[in-house]
Asks: 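Structure incoming, see below.
Positions are given from 1, in the same order as the sequence printed here.
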Amino acid sequence: MECKVCRTALSARIDGERETVPAARVDEHLEQCAQCCSWYVAAVETTRLLRTASSYAPDLTDAIFAAADLERPRESMWHTSLSWLGRAEWTRLLLGLLGVAQCALAIGQFAGFDFGMTQHHGAEMTRHLMNESTAWSLAIGMGFGYCALRPRATSGVLPVLGVLVTTLTAFVIGDLYSGVVPISRVLSHGILVAALVLVVVVHRTRRPETSPPTRTSNPAPTELVLPPGARFGRRTGQLRLTRNPAA
């Protein structure tokens with residue numbers, strides 16, 4: 001395999017795209033070519049730095065006002081304290097606050113606070129809770145399917161599913177002890193337990209997309225046996241049966 005073919009495939013691997021040649025051939029070339037292995041390590045590091053680099057730009061407001069001989073208007077302390085937050089930081093902050101609110105809602109329900117559950121008839125509230133459970137089960141099932149298609153999604157599904165199975169197990173044990181849940185309903189939760197195990201396995205065994213192979217030692221050169229009349233040297237004047245440069 002030529003180095004340019006190997007590096008093209010490695011570039012696709014780093015970007016999460018389909019490699020142009022079989023991955024086994026690329027890894028085999030990396031074990032034998034120190035230059036391509038060094039190129040891969042440098043490309044992975046450069047990609048990581050570009051993806052994690054901050055889009056921070058220096059504040060030139062004071063310099064512009066000074067050059068224009070103008071007085072900068074004063075800003076409130078509230079605006080100044082939050083001026084460092086960009087769009088991405090604001091989004092993450094709001095998402096974190098929503099997570100805290102959702103956890104507070106769950107803790108409040110567990111503590112016995114009423115969020116409109118006792119203000120309606122029992123049959124109507126039971127139907128609403130059934131609809132909520134159906135929507136949650138459908139969302140979880142779609143998440144399992146997406147993890148099967150995109151193994152890297154297990155990084156986001158695993159913490160949610162882990163907390164769900166843990167808290168649900170505690171509630172099921174308490175409900176079984178109180179005798180308020182049938183065995184058939186308890187057995188239906190076995191799907192979540194089995195899915196949690198499989199998500200952990202997929203998460204641990206999925207192939208990293210930007211991890212270069214580790215070279216433990218330099219491979220020993222292979223002793224070539226030449227046929228009669230052949231000699232070592234550059235192959236010139238020969239015809240190739242295919243135009244595939246990886247052949």
Asks: Going hydrophobic residue to hydrophobic residue with side-chain gaps under 4.5 angstrom, can you get from Val193 over to Val160?
Replies: yes

Asks: What's the spacing between Glu45 CD and Arg48 CZ if we round to 0.5 Å?
Replies: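 Interatomic distance, Glu45 CD to Arg48 CZ, rounded to 0.5 Å: 4.0 Å.
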
Asks: So among Thr154, Leu192, Leu198, which one has a side chain to side chain contact (heavy atoms under 4.5 Å, CB included) with Phe144?
Replies: Leu192

Asks: Can you measure from CD1 (Ile107) to CD (Gln102) and round to the nearest 0.5 angstrom?
Replies: 11.0 Å

Asks: Just verifying a value: how many Å separate Glu2 CD and Cys33 SG, rounded to the nearest 0.5 Å?
Replies: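 Reported to 0.5 Å precision, the distance equals 12.0 Å.
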
Asks: State the OG1-CZ distance between Thr20 and Arg7, to the nearest 0.5 angstrom.
Replies: 14.0 Å

Asks: Is there a path of hydrophobic side-chain contacts, each under 4.5 Å between heavy atoms, that joins Ile140 and Leu196?
Replies: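 As far as the 4.5 Å side-chain criterion goes, Leu196 and Ile140 are connected within one cluster.
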
Asks: I'd like to check the side-chain contact (heavy atoms from CB on, under 4.5 Å) partners of Val26; sequence neighbours left out, ordered by chain and number.
Replies: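 If we apply the side-chain contact (heavy atoms from CB on, under 4.5 Å) test to Val26, skipping adjacent residues, the hits are Met1, Cys6, Ala9, Leu10, Arg13, Glu19, Val21.
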
Asks: Any chance you could measure Arg150, atom CZ, to Ser155, atom OG, to the nearest 0.5 Å?
Replies: 14.0 Å

Asks: When you look at His29 and Cys3, which way does the side chain to side chain contact (heavy atoms under 4.5 Å, CB included) test go after all the steps?
Replies: CA-CA 8 Å; His29 180 81; Cys3 291; 3.8 Å; yes

Asks: Does Met142 sit in a hydrophobic cluster with other residues, and if so which ones, taking ILVMFWY side chains as linked at heavy-atom separations under 4.5 Å, directly or through other members?
Replies: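 Reading the cluster by chain and number, Met142 sits alongside Leu138.
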
Asks: First locate atom CD of Glu31, then atom SG of Cys37, and finally report the distance between them rounded to the nearest 0.5 Å.
Replies: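 Between Glu31 CD and Cys37 SG, I get 9.0 Å after rounding to 0.5 Å.
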
Asks: Report all side-chain donor-acceptor pairs from residues 162-185 shorter than 3.5 Å, counting only partners two or more places apart or in another chain.
Replies:
| residue | atom | partner | partner atom | Å |
| --- | --- | --- | --- | --- |
| Thr166 | OG1 | Gly162 | O | 2.8 |
| Thr167 | OG1 | Val163 | O | 2.8 |
| Thr167 | OG1 | Leu164 | O | 3.2 |
| Thr169 | OG1 | Val165 | O | 2.6 |
| Ser178 | OG | Gly174 | O | 3.1 |

